[in-house]
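Keep in mind the model is a prediction, meaning the values are calculated, not measured. Note that the numbering runs from 1 along the sequence shown for the chain.
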Amino acid sequence: MHTTLRIAAILAGLSLSLKTQAQGLPFTMNAGQFSEGAVMLTSGAVVKGEISLDRASNKLALKANDTIYTLPTQTVRVFAMRGEQTPQKRGQYVALTRIFHSYSYPWSTKKAPDFKMWAFFEQLSEGPTILLRREEPIQYSYTSAPIGNQRPRYYTNTELRTTFYLNTNEGKLVTLQKPKRDLLTFFAKQASLIKAYAKENDLSFKDARGLAFLVNYANSLQAEQLYQEPALPTE
């Protein structure tokens with residue numbers, strides 16, 4: 001958490017007068033361009049510049065001092081950048097300062113649990129249990145129905161598949177395959193209060209905004225419970 005606060009402070013101190021050079025960091029579905037950012041490497045060094053995230057290859061393009069560096073996920077501990085300033089659609093959630101962590105995770109918990117992959121996960125809540133979001137580009141093809149004597153047309157499209165995770169105190173990633181069920185199972189002792197809080201505040205278990213509020217609330221309940229538990233008697 002100290003690392004997160006440090007890099008967020010560095011980002012907050014960046015000059016707002018920096019101009020985005022779009023020709024250096026093109027925007028695509030897989031590579032989002034951000035005007036300002038800061039990257040903390042696994043060595044502990046922090047570099048400031050412009051960041052482009054390629055979600056397909058899980059790499060960062062960092063432009064600093066007129067040079068573009070390609071950073072694999074394994075070399076990055078955490079990075080932060082300013083979120084998009086455009087209005088968001090209902091159900092979307094983009095923070096003013098977006099923070100991403102790099103983690104390794106099993107390629108398939110059933111087929112190959114020992115084969116690890118690296119990816120960037122966006123932090124959506126505070127701790128100690130942190131809500132994470134991973135956005136993965138998925139490409140698919142489809143064919144249009146033929147009209148008259150015309151041949152069928154073939155198209156390809158790419159969309160982002162979103163998966164939510166919880167990062168525990170032990171650093172273990174817990175996949176929220178069914179967010180409501182899995183979140184309430186994880187916070188089993190606070191489940192009834194979480195459901196009541198969601199209903200009272202009209203929060204959805206299906207979108208990032210609702211989940212972020214619910215995880216923060218669950219963390220606060222755990223903290224209160226820990227504070228209220230009587231201390232063990234001492235001799």
Side-chain angles (χ1 to χ4, degrees), residues 1-12 32 34 38 40 53 55 77-106 109 119-136 160-232:
M1 187 59 65
H2 294 296
T3 298
T4 299
L5 293 175
R6 177 185 171 191
I7 199 168
I10 292 172
L11 179 66
F34 311 106
M40 176 175 286
L53 170 61
R55 294 181 173 90
R77 181 180 302 173
V78 60
F79 73 90
M81 46 74 178
R82 296 194 183 279
E84 292 88 342
Q85 300 301 311
T86 55
Q88 301 299 313
K89 297 180 181 179
R90 179 176 177 82
Q92 291 185 343
Y93 174 76
V94 178
L96 295 179
T97 299
R98 303 180 68 179
I99 299 175
F100 292 77
H101 302 263
S102 60
Y103 295 105
S104 63
Y105 66 101
T109 55
F120 290 110
F121 297 77
E122 183 177 4
Q123 177 177 337
L124 300 181
S125 74
E126 300 297 328
T129 298
I130 299 174
L131 176 66
L132 300 170
R133 170 174 59 187
R134 180 175 176 239
E135 295 176 314
E136 179 183 11
L160 285 180
R161 181 174 64 188
T162 300
T163 308
F164 296 104
Y165 300 81
L166 294 177
N167 184 20
T168 66
N169 291 331
E170 297 77 20
K172 180 181 178 181
L173 293 181
V174 177
T175 308
L176 299 181
Q177 296 179 346
K178 294 185 177 180
K180 182 175 182 178
R181 179 200 67 184
D182 296 340
L183 182 67
L184 295 177
T185 299
F186 185 86
F187 294 104
K189 294 182 178 180
Q190 296 83 21
S192 60
L193 293 175
I194 293 172
K195 287 191 290 186
Y197 183 80
K199 183 177 181 180
E200 180 181 352
N201 294 278
D202 193 24
L203 296 174
S204 172
F205 287 84
K206 297 181 180 180
D207 62 61
R209 178 182 177 275
L211 283 174
F213 275 105
L214 293 172
V215 171
N216 281 333
Y217 178 67
N219 280 320
S220 69
L221 292 176
Q222 286 190 328
E224 290 177 4
Q225 182 180 3
L226 183 63
Y227 177 78
Q228 293 174 0
E229 288 181 353
L232 295 175

Which heavy atom of [X] sits nearest to which heavy atom of [Y], and what is that distance?
{"X": "Phe164", "Y": "Lys206", "answer": "CE1-O, 4.1 Å"}
{"X": "Val215", "Y": "Thr129", "answer": "CG1-O, 3.5 Å"}
{"X": "Phe205", "Y": "Pro179", "answer": "O-CB, 3.1 Å"}
{"X": "Pro128", "Y": "Asn219", "answer": "CD-OD1, 3.5 Å"}
{"X": "Asn216", "Y": "Glu126", "answer": "OD1-N, 3.0 Å"}
{"X": "Ser104", "Y": "Leu173", "answer": "O-CD1, 4.3 Å"}

> Can you find a side-chain donor-acceptor pair between Asn167 and Tyr103 that sits under 3.5 Å?
Replying inline: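 Asn167 vs Tyr103: donor-acceptor pair found between side chains.
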Measuring from [X]:[atom1] to [Y]:[atom2], what's the distance to the nearest 0.5 Å?
{"X": "Leu124", "Y": "Ile130", "atom1": "CG", "atom2": "CD1", "value": "10.5 Å"}
{"X": "Met40", "Y": "Arg77", "atom1": "CE", "atom2": "CZ", "value": "6.0 Å"}
{"X": "Leu183", "Y": "Leu131", "atom1": "CG", "atom2": "CG", "value": "8.0 Å"}
{"X": "Ile99", "Y": "Leu132", "atom1": "CD1", "atom2": "CG", "value": "11.5 Å"}
{"X": "Asp182", "Y": "Leu166", "atom1": "CG", "atom2": "CG", "value": "8.5 Å"}
{"X": "Lys180", "Y": "Leu211", "atom1": "NZ", "atom2": "CG", "value": "11.5 Å"}

> Is there side-chain contact between Thr168 and Phe186, with heavy atoms separated by less than 4.5 Å?
Replying inline: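 Heavy-atom side-chain distance check passes, below 4.5 Å.
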Would you say [X]'s side chain and [Y]'s backbone share a donor-acceptor pair under 3.5 angstrom?
{"X": "Asp207", "Y": "Arg209", "answer": "yes"}
{"X": "Thr175", "Y": "Gln177", "answer": "no"}
{"X": "Gln123", "Y": "Ser125", "answer": "yes"}

> Given Leu184 and Lys195, is the side-chain contact (heavy atoms from CB on, under 4.5 Å) satisfied, shown in steps?
Replying inline: CA-CA 8 Å; Leu184 295 177; Lys195 287 191 290 186; 3.6 Å; yes
> Any idea how Phe79 and Phe100 line up, ring-wise: parallel (<30°), tilted (30 to 60°), or perpendicular (>60°)?
Replying inline: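 Geometry flag for Phe100 against Phe79: parallel rings.
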>> Under the criterion ring pair (Phe, Tyr, Trp, His ring centres under 6.0 Å), I'd like the reasoning laid out for Tyr217 against Tyr197: C-alpha separation, chi angles, the key distance, then a yes or no.
In response: CA-CA 8 Å; Tyr217 178 67; Tyr197 183 80; 3.8 Å; yes
